[in-house]
Amino acid sequence: MKGPKLTYRISKSIQRGFDSLQQNKSLRLGLQVALVVGSIGATALMFPSRQSFQFSKLEVGDVYIGRDIIAPFTYFINKSPDEIEGDRKAASEKIHLVFTREDSVERISLKAFDDFFTSIRLIRDADLPDSTKVKRIRDILDNDSIISNQANTQYLLDVPAGSNEAKGKAKDPEILTLDRVRFKLKTILQDVYTIGVLNLKADAIPAHATKLVVVFEEAEVVENSARFYNLDNYRDALLPKLRQTFPNQEIVATIGFGIVLAFLEPNLIYDQATTDSRINDAVASVPLSKGIVLKDQRILNSHDLVSAEVLEKLRSLASTTAERDEREGGAKLIFPVIGRLLLVSLALSASLLFIFVFRRSTFDSLKRMLMLFSIFMLVIVTTFIINQYELTSNLKYLIPISIASMLITIFFDGRTAFMGTVTLSIIIGALRGNDFEMMTITLFAGAISTFAVGRIQARSWMLKAMLYISGTYIVSITTLELVKNSDLTELPEMLGHGLANGVLSPILAYGLMVIFEYIFQVTTNSTLLELSDLNRPLLRQLAIRAPGSYHHSIMVGNLSEAACDAVGGNALLARVASYYHDIGKMEKPEYFVENQKAGKNPHEKLTPSMSCLILINHVKKGLDIAEEYNLPTEIRDFIPQHHGTNIIRYFYQKALENREDGEIDESSFRYNGPKPQKKETAIVMLADAVEAGSRVLKEPSVSRIRSMVASLIHERLLDHELDECPLTVGDLAVIRESFVNTLTGMFHGRIEYPQTDTGTKRKSSKKANEVQG
């Protein structure tokens with residue numbers, strides 16, 4: 001339990017921090033201004049450096065309308081990123097891999113080879129039993145990692161020793177002796193070392209490396225790489241040489257293969273440091289330009305067709321101008337920065353103005369504004385990171401605009417999300433170099449995301465969002481590519497990135513939703529759906545300990561949900577909050593009429609003031625239980641607000657009747673409040689009263705239900721309980737009709753319609769039963 005308790009304490013600390021900042025109005029306003037200004041400044045800094053967007057709207061094939069463009073100074077025509085990359089790759093591939101010939105490897109190996117045969121010769125000449133000689137020869141073979149068997153070992157012991165074979169003077173060249181075998185194997189070993197063995201496998205040598213540089217004795221030569229052995233093929237080259245040297249002597253070839261292989265090591269060592277240094281020098285020497293435009297040279301005339309060559313000249317002019325302005329500083333450096341700040345400010349002003357006018361509660365909340373700008377900056381920073389992979393990269397289709405749109409819809413509402421999407425689309429287009437195409441795609445994707453999410457009522461929203469967003473990217477990307485008459489070779493890659501965005505965005509949005517819920521202590525419909533499970537321990541306790549209150553809460557939930565739907569409130573919040581609004585009654589359930597059994601009323605033994613204290617205390621107890629079970633703040637608000645400052649009229653009247661001396665303080669018979677602050681809490685207050693009133697309604701008919709509902713709503717209105725909530729008179733009329741319709745449905749089995757006589761009554765009852773059935 002330590003983990004959940006610690007998590008809860010942390011979340012409460014975060015909430016208290018936000019609450020304390022919210023209460024200090026001056027500090028809150030200062031932080032909000034700092035938040036907006038900081039976001040604008042940070043976004044302006046993320047614009048591509050040394051980049052001018054003067055000709056960014058022009059594309060190949062456009063007809064240029066405007067004044068003739070003359071080069072104001074001499075400048076170089078820059079290569080495109082792809083051209084630079086291609087030239088650098090070509091330059092690096094022209095550099096040969098460098099290997100160093102290590103002659104010491106050959107000397108050490110040949111000495112070890114000679115020592116091996118000397119040891120064999122000494123064992124053969126020793127005055128020892130043959131079995132001991134075989135064992136010692138096998139030990140030498142094992143020590144040098146030479147694979148052997150009984151036949152090979154026996155051959156080394158039995159082969160004639162010879163005398164002058166080392167000098168090639170054997171009396172009978174057809175007879176193999178130990179010295180002749182030694183001489184021929186050493187010749188093969190020396191031949192392989194003379195050619196050279198690379199210390200790389202074949203797949204480690206690039207396909208373009210057809211030549212190698214071999215360095216020896218402070219000199220170097222360039223050779224074809226195919227002439228050298230490598231770690232993959234040098235073994236395969238030995239066996240043919242051995243069979244050619246020892247024809248019809250398979251056993252000699254076999255044992256010779258093991259011996260030569262044991263003393264053969266790579267003697268051409270790859271010098272990666274020198275190779276990399278030469279490659280880096282070659283890459284660094286690749287020119288970034290491919291031509292030059294002289295001062296006063298005409299680049300483009302008005303009404304001329306924009307070609308690829310002309311577009312390269314214009315974009316090079318724009319980037320060179322930006323670099324010159326940056327070097328010169330002063331106004332030329334400041335003006336672009338001011339322009340970026342103004343552009344970001346204008347884009348953000350759309351959302352800020354909408355929130356200030358139509359969502360004032362959000363504007364006045366530091367916590368909600370911080371959450372909104374955190375979502376904005378999440379997308380902006382991601383766009384900046386993607387921009388680092390070049391503005392022309394198809395990675396731009398991974399910009400997570402949909403995540404922002406979905407999160408804002410979930411935590412705020414669809415209209416706020418749409419305005420936020422418009423703002424982010426403008427900023428993304430600007431960050432991408434005034435990319436109208438990207439602005440259009442992100443606007444479409446973000447707008448569809450707000451519709452795809454809506455109100456989360458089931459986990460299927462993720463699949464729905466994936467399909468909607470992926471489809472939007474496919475359609476918008478394809479449409480714009482067709483409009484531009486582009487080469488469609490890159491279209492599959494573009495669509496792949498768009499599909500990846502569509503699939504990943506809802507998943508990431510869900511994960512971020514959980515994080516934002518925890519940090520900012522905001523309750524989403526996803527959390528409400530979890531709390532609506534009637535099998536949750538708290539609701540099961542309510543059902544067992546206070547069954548009447550439990551049933552009452554369910555009925556209040558049904559009434560509230562329908563009424564909230566009718567006036568555009570959060571129906572899910574109202575229904576779920578209704579389930580928990582009376583949890584405080586679990587402490588003393590028998591003191592509440594819905595839980596009392598026939599004839600047992602403990603209030604008969606209490607004074608009216610004591611009864612009121614018990615009834616009022618269920619609100620405090622409910623808040624304590626809600627705190628214990630970590631219920632969200634949005635749910636806890638309903639516990640005191642659904643009573644507001646209502647008077648407990650029955651006990652107040654009883655106190656007046658029993659009064660002997662002195663005045664009765666009416667305030668002691670009222671709940672402590674606060675009054676309802678939102679539509680949903682006000683609707684639950686009215687539904688609570690209406691449901692309780694309906695249970696004592698005798699012979700409920702539509703007219704009686706309507707009269708009862710209207711009376712209770714009017715009573716709350718006259719008692720000023722609805723003064724602090726945003727319900728209008730029109731809303732109250734809609735709520736009244738919703739309550740009437742819901743209660744009529746609940747009581748339809750017991751409604752008797754007015755009858756004129758017995759016969760008519762029978763016909764009407766029969767007809768009513770037919771309708772009900």
Side-chain angles (χ1 to χ4, degrees), residues 43 56-57 59 343-344 346-348 350-351 354 372 375-384 386-387 391-456 461-486 488 490-510 512:
T43 304
S56 58
K57 294 181 180 179
E59 296 289 344
L343 177 60
V344 177
L346 287 173
L348 286 175
S351 291
F354 173 83
L372 180 63
I375 296 172
F376 280 176
M377 293 308 298
L378 172 69
V379 177
I380 292 170
V381 170
T382 306
T383 304
F384 170 73
I386 290 175
N387 281 353
L391 294 176
T392 57
S393 170
N394 287 328
L395 290 174
K396 63 184 179 182
Y397 298 114
L398 293 177
I399 293 174
I401 182 72
S402 301
I403 294 178
S405 301
M406 287 186 284
L407 288 176
I408 298 174
T409 304
I410 291 169
F411 288 113
F412 298 87
D413 57 80
R415 292 183 180 181
T416 304
F418 182 77
M419 290 305 301
T421 300
V422 172
T423 294
L424 286 173
S425 298
I426 296 172
I427 294 175
I428 288 170
L431 287 173
R432 295 289 306 175
N434 294 345
D435 189 344
F436 172 79
E437 172 190 346
M438 201 60 219
M439 183 178 71
T440 304
I441 291 174
T442 52
L443 179 59
F444 286 159
I448 294 299
S449 299
T450 63
F451 298 122
V453 176
R455 289 182 178 176
I456 300 175
W461 74 268
M462 292 182 67
L463 180 59
K464 177 183 174 184
M466 287 179 186
L467 294 175
Y468 280 23
I469 298 170
S470 298
T472 302
Y473 272 108
I474 291 173
V475 172
S476 58
I477 292 172
T478 304
T479 300
L480 288 173
E481 290 301 306
L482 291 176
V483 167
K484 295 192 303 180
N485 195 24
S486 301
L488 300 181
E490 291 189 17
L491 184 61
E493 181 184 351
M494 297 176 183
L495 296 180
H497 285 110
L499 285 172
N501 194 332
V503 172
L504 293 176
S505 289
I507 298 173
L508 295 174
Y510 182 80
L512 289 169

Report summary line: In this structure, CG of Leu491 is separated from CG of Leu482 (nearest 0.5 Å) by 7.5 Å
Query raised in the report: Does Ile477 reach the side chain of His497, with side-chain heavy atoms less than 4.5 Å apart?
Result: no
Report summary line: The ring-ring contact (aromatic ring centres under 6.0 Å, His included) partners of Phe412 (sequence neighbours excluded) come to none
Report summary line: CG of Leu398 to OG of Ser505, rounded to nearest 0.5 Å, is 9.0 Å
Requested in this report: Without swapping roles, check the side chain of Ser351 against the backbone of Met419 for a donor-acceptor pair under 3.5 Å.
Outcome: yes
Report task. Provide the closest heavy-atom pair for Gly498 versus Tyr397 in the form atom of the first, atom of the second, distance. Result -> N-CB, 4.1 Å
Query raised in the report: Residues two or more places apart in sequence or in another chain: which of them pass side chain to side chain contact (heavy atoms under 4.5 Å, CB included) with Val475?
Result: Thr479
**Report entry** Residue among Ile380, Thr442, Leu348 satisfying side chain to side chain contact (heavy atoms under 4.5 Å, CB included) with Leu424
**Finding:** Ile380
Query raised in the report: Roughly how far, to the nearest 0.5 Å, is CG of Asn501 from CG of Leu395?
Result: 11.5 Å
Query raised in the report: What residues form a side chain to side chain contact (heavy atoms under 4.5 Å, CB included) with Ala445, not counting sequence neighbours?
Result: Ile401, Ser402, Thr472, Tyr473
Report task. Compare all side-chain heavy atoms of Pro506 with those of Ile469 and state whether any distance is below 4.5 angstrom. Result -> yes
Report summary line: Sorted by chain and residue number, the side chain to side chain donor-acceptor pair (under 3.5 Å) partners of Thr416 (sequence neighbours excluded) come out as Asp413
Query raised in the report: Taking side chain as C-beta onward, heavy atoms only, is Ile507 less than 4.5 Å from Met466?
Result: yes
Report summary line: Scanning both residues in full, the closest heavy-atom pair of Gly446 with Thr421 reads CA-CG2, 3.5 Å
Query - Nearest non-hydrogen partners of Leu343 and Ala430, listed with the distance - result: CD2-CB, 3.3 Å
Query raised in the report: Would you say Lys396 and Ile441 make side-chain contact, with heavy atoms under 4.5 Å?
Result: no
Query - Inter-residue atom distance Leu443.CG - Phe418.CZ, 0.5 Å rounding - result: 6.0 Å
**Report entry** Heavy-atom pair of closest approach, residues Ala417 and Thr409
**Finding:** CB-OG1, 3.0 Å
Query raised in the report: Which residues pass the side chain to side chain contact (heavy atoms under 4.5 Å, CB included) test with Tyr510, sequence neighbours left out?
Result: Trp461, Met462, Met513, Val514, Ser526
Query - Criterion side-chain contact (heavy atoms from CB on, under 4.5 Å) on Ile403 and Val379, from CA distance to verdict - result: CA-CA 8 Å; Ile403 294 178; Val379 177; 5.7 Å; no
**Report entry** Heavy-atom pair of closest approach, residues Ser405 and Thr450
**Finding:** CB-CG2, 3.9 Å
Query - Greater than 12 external heavy atoms within 6.0 Å of Phe354's CZ - result: yes
Query raised in the report: Do Phe411 and Leu372 come close enough that some side-chain heavy atom pair is under 4.5 Å?
Result: no
Query raised in the report: Is it true that a side-chain atom of Asn387 and a backbone atom of Leu431 form a donor plus acceptor pair closer than 3.5 Å?
Result: yes
Query raised in the report: Thr382: what forms a side chain to side chain donor-acceptor pair (under 3.5 Å) with it, not counting sequence neighbours?
Result: none
Query raised in the report: Measuring from Ile399:CD1 to Ser425:OG, what's the distance to the nearest 0.5 Å?
Result: 10.0 Å
Query raised in the report: What's the shortest heavy-atom distance between Met406 and Ala465, and which atoms?
Result: SD-CB, 4.0 Å
Requested in this report: Taking side chain to side chain contact (heavy atoms under 4.5 Å, CB included) as the test, write out the residues that go with Ala347, two or more places apart.
Outcome: Thr423, Ile426, Ile427
Query - Residues which pass side chain to side chain donor-acceptor pair (under 3.5 Å) with Thr383, listed by chain and number, not counting sequence neighbours - result: none
Query raised in the report: Taking only residues at least two apart or on different chains, which pairs with a member in residues 501-510 satisfy salt bridge (charged side-chain N to carboxylate O under 4.0 Å, His left out)?
Result: none
Query raised in the report: Got a sec, which residues hit side chain to side chain donor-acceptor pair (under 3.5 Å) with Thr43, two or more places apart in sequence or on another chain?
Result: none
